[in-house]
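Structure record follows, encoded as structure tokens.
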Amino acid sequence: MADALHEASKAPDSIPVPKETAPVRTRAVFSASASSLGAHHAASAPDMPITPRRRRPQLEDDSLRLIDDLTNRPMDPMFIDSRLDKRPKSALHIWLTRVIVFIICIAVGFSGSIIVQILHTDPRKEIRSSLAKELTQQTKHLNTLNSDVSSLRVKVENQSKKLANTTKDSTLTYDEMENGTIPVTGPGITLTIANPIAANSDTNSGSLPRESSSNIRVVTDGDLQVFIQILWQAGAEAIAINGYRLGVQTSVRTAGQTILVGVNQVQNPYKIQAIGDRNALAAAVGESSQQSLYATLKAAGIYPQISTSKSITLEAANSSDISYAERAD
């Protein structure tokens with residue numbers, strides 16, 4: 001029995017660690033007084049038989065070594081060394097670390113907000129803005145060319161008069177005035193119609209003219225056509241919208257979100273000028289004569305304004321050359 005106890009006392013508590021896997025550097029974790037601590041197990045009774053402890057088999061098994069390491073050495077040696085680091089840290093070092101971390105957090109948050117803002121922006125606004133600018137430039141260039149064409153036509157007519165040494169008869173002059181090919185002046189009215197204020201609140205969004213929410217009623221080409229028809233029926237002799245004369249080949253239509261008078265773009269507010277009997281024209285397009293039309297426009301926040309003038313001058317309309325039509329015999 002004594003031999004068995006002697007052999008059990010010699011048995012190792014755990015499988016020894018090979019030299020190639022042993023920690024490079026070790027430090028004492030416990031104080032020197034730890035070795036003097038006694039066992040905390042309950043003492044056995046004197047009459048209790050002593051059972052010999054079986055000797056642990058010495059097996060070279062990797063699975064047993066893994067279990068032994070997890071049981072007896074659960075903490076990595078390098079982690080133990082890091083916990084033993086008792087070097088004091090100054091207040092400057094601590095606050096400097098906090099400031100650096102705070103600056104990094106601010107930079108990351110600011111960058112994230114910029115990225116989110118970029119992702120939420122509408123790239124179509126820039127495209128619409130560039131297209132609107134290009135359309136405005138092309139329209140200005142077209143107006144310049146039309147002005148040049150009109151001036152050249154006047155020169156051609158003057159030269160034709162000198163060469164022919166004749167004067168125009170009243171019938172030709174009346175036809176030219178009616179067709180809008182020459183400038184005219186006379187008394188008339190000015191009717192101004194504009195979009196509601198809600199449709200013009202977003203002026204810097206890069207949107208094209210008349211582009212607004214689908215729930216907002218704006219002035220359309222149909223509204224302008226209705227007023228033009230009323231003026232023609234009331235005896236108007238010449239009509240222009242925002243300075244563009246209406247001729248025999250002039251149309252008022254919508255292209256996308258833009259109202260065009262012929263090929264010229266017009267924007268809000270829309271000013272309709274008509275030459276004729278100003279009292280009759282004002283009465284024809286007034287609220288008393290067009291109650292249903294004015295009620296529809298007022299429900300949408302559109303309020304037409306009418307003013308009379310003793311003298312209005314309208315330029316000639318832009319007319320294209322006739323290539324196929326000929327005078328019939």
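Along the sequence shown, residues are numbered consecutively beginning with 1.
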Which is it for Ile241 and Ile228 under the side chain to side chain contact (heavy atoms under 4.5 Å, CB included) test, yes or no, and what are the steps along the way?
-> CA-CA 9 Å; Ile241 300 177; Ile228 290 171; 3.3 Å; yes
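Nearest heavy-atom pair, Arg217 versus Leu297, reported as atom, atom and distance to 0.1 Å: NH2-CD2, 3.9 Å. The minimum heavy-atom distance linking Leu246 with Thr250 is given by the pair CD2-CG2, 3.7 Å. Heavy atoms only, all atoms of each residue included: Leu281 and Ile275 are closest at CD1-C, 4.1 Å. Val285 approaches Leu231 most closely through the heavy-atom pair CG1-CD2, 3.5 Å.
Distance CD/Glu315 to OG1/Thr185: 10.0 Å, rounded to 0.5 Å. Distance check: Ile306 CD1 to Ile189 CD1 gives 6.0 Å after rounding to the nearest 0.5 Å. Separating the CD1 atom in Ile312 from the NZ atom in Lys310 is a distance of 13.0 Å, to the nearest 0.5 Å. Note: Lys271 NZ to Leu191 CG = 11.5 Å, rounded to the nearest 0.5 Å. If you take CD1 on Ile100 and CH2 on Trp95, they are separated by 14.0 Å, rounding to the nearest 0.5 Å. Atoms CD1 and CD, from Ile239 and Gln273 in turn, are 11.0 Å apart once rounded to the nearest 0.5 Å.
Sorted by first and then second residue, the side-chain hydrogen bond (donor to acceptor under 3.5 Å, both in side chains) pairs involving residues 227-246 (not counting sequence neighbours) are Asn143-Tyr244. Residue pairs meeting the side-chain hydrogen bond (donor to acceptor under 3.5 Å, both in side chains) criterion with at least one partner in residues 277-301, sequence neighbours excluded, are Glu287-Lys298. For residues 96-113, no residue pair satisfies the side-chain hydrogen bond (donor to acceptor under 3.5 Å, both in side chains) rule, not counting sequence neighbours.
Just one residue in the list Ile302, Asn268, Val219 forms a side-chain contact (heavy atoms from CB on, under 4.5 Å) with Pro196, and that residue is Ile302.
Side chains of Leu224 and Ile193 form a contact here, defined as non-hydrogen atoms less than 4.5 Å apart.
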